Amino acid sequence: MSEIKYLSFNDVDPEDFLAVVNEKALRKHLIDHALFDSISIRDWMEAKIKIESMSGCRVRAIYIGGMLAGWCGIQPDNNGFEFAIVISQKFWGFGRTIFKTLMCWAKELGHKEIVFHLLGSRPEYKALNRIATKVHKTELLGQWFTTYYISIDT
């Protein structure tokens, strides 16, 4: 298995993120928004760095086998905190491992429950259904998501 490293956004060249966040296969599973350019990617990264500084949050770039694969984190949600995992299609098989890391971070940060919103274009996941305390459809920014409520053992 390739080594996974989680780095601060401060340690990533914004131009390196462009290919990942603008990837067509990935974007079909995200909220619809304009493609990033060299200015908007810097603004987006600055916003994530600000989230990183908030209590209960952690946002990291993901490197797999030395390549920038995407990003993940625990960030604010309307009702508490949410998980985010956004990785390039060629690394989709690593999602479960990244999810387990987020679970460890959530426990470390003292969370009792985290939500995980997956765009309606994605299938429901049996593994998430098994560990979720509640699952329902949520409308966010005009799009439908399956929202999983995940209890964190503390």
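This is a predicted model, so every value here is computed, not measured. Excluded from the calculations below are hydrogen atoms, water molecules and symmetry mates; all remaining heavy atoms, backbone and side chain alike, are included.
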Quick one: [atom1] on [X] to [atom2] on [Y], what's the gap to the nearest 0.5 Å?
X	Y	atom1	atom2	value
R96	I85	CZ	CD1	11.0 Å
K107	I114	NZ	CD1	13.5 Å
F83	L118	CZ	CG	11.5 Å
W144	T138	CH2	OG1	8.0 Å
L109	S55	CG	OG	8.0 Å

Are [X] and [Y] close enough that a side-chain donor and a side-chain acceptor fall under 3.5 Å?
X	Y	result
S40	D37	yes
E113	S151	no
K137	T146	yes
H136	Y149	yes

* Give the intermediate values and the outcome of side chain to side chain contact (heavy atoms under 4.5 Å, CB included) for residues I4 and F94. => CA-CA 9 Å; I4 301 175; F94 289 89; 3.8 Å; yes

* To do: Would you check if the distance from the ring center of W105 to the ring center of F81 is below 6.0 Å?
  =>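 Centroid separation for W105 and F81: 6.0 Å or greater.
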
Can you give each donor-acceptor pair under 3.5 Å made by side-chain atoms of residues 62-76, sequence neighbours left out, with the distance rounded to 0.1 Å?
| residue | atom | partner | partner atom | Å |
| --- | --- | --- | --- | --- |
| Q75 | OE1 | K48 | NZ | 2.9 |
| Q75 | NE2 | E82 | OE2 | 3.0 |

Is any side-chain heavy atom of [Y] closer than 4.5 Å to one of [X]?
X	Y	answer
Y148	K134	no
I150	V115	no
E52	S8	no
F91	I98	no

* To do: Please report the closest heavy-atom contact between A106 and I152, naming both atoms and the distance.
  =>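 Nearest pair, atom of A106 first, then I152: CB-CD1, 3.8 Å.
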
* Indicate the atoms forming the closest heavy-atom contact of V21 with W44, along with that distance. =>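 Looking at all heavy atoms of both residues, the shortest contact is CG1-CH2, 4.2 Å.
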
* To do: Determine, for K90 against E23, whether the closest basic-nitrogen to carboxylate-oxygen distance falls under 4.0 angstrom.
  =>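 No, this pair does not count.
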
* Asked: Does the pair L7 and R60 meet the rule for a side chain to side chain contact (heavy atoms under 4.5 Å, CB included), with working shown?
  -> CA-CA 5 Å; L7 300 179; R60 296 288 190 271; 5.7 Å; no

* Asked: Mind checking whether F17 and F9 have parallel, tilted or perpendicular rings, split at 30° and 60°?
  ->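 Tilted: the ring planes of F17 and F9 meet at 30° to 60°.
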
* Is the backbone of L35 close enough, under 3.5 Å, to the side chain of N22 for a donor and an acceptor to pair up by distance? ->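 Answer holds: no.
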
* For the pair L128 and F116, evaluate side chain to side chain contact (heavy atoms under 4.5 Å, CB included) and give the outcome as yes or no after the intermediate values. => CA-CA 9 Å; L128 288 174; F116 194 28; 3.8 Å; yes

* Run the side chain to side chain contact (heavy atoms under 4.5 Å, CB included) check on T147 and H117 step by step: do they pass? -> CA-CA 4 Å; T147 298; H117 303 289; 2.7 Å; yes

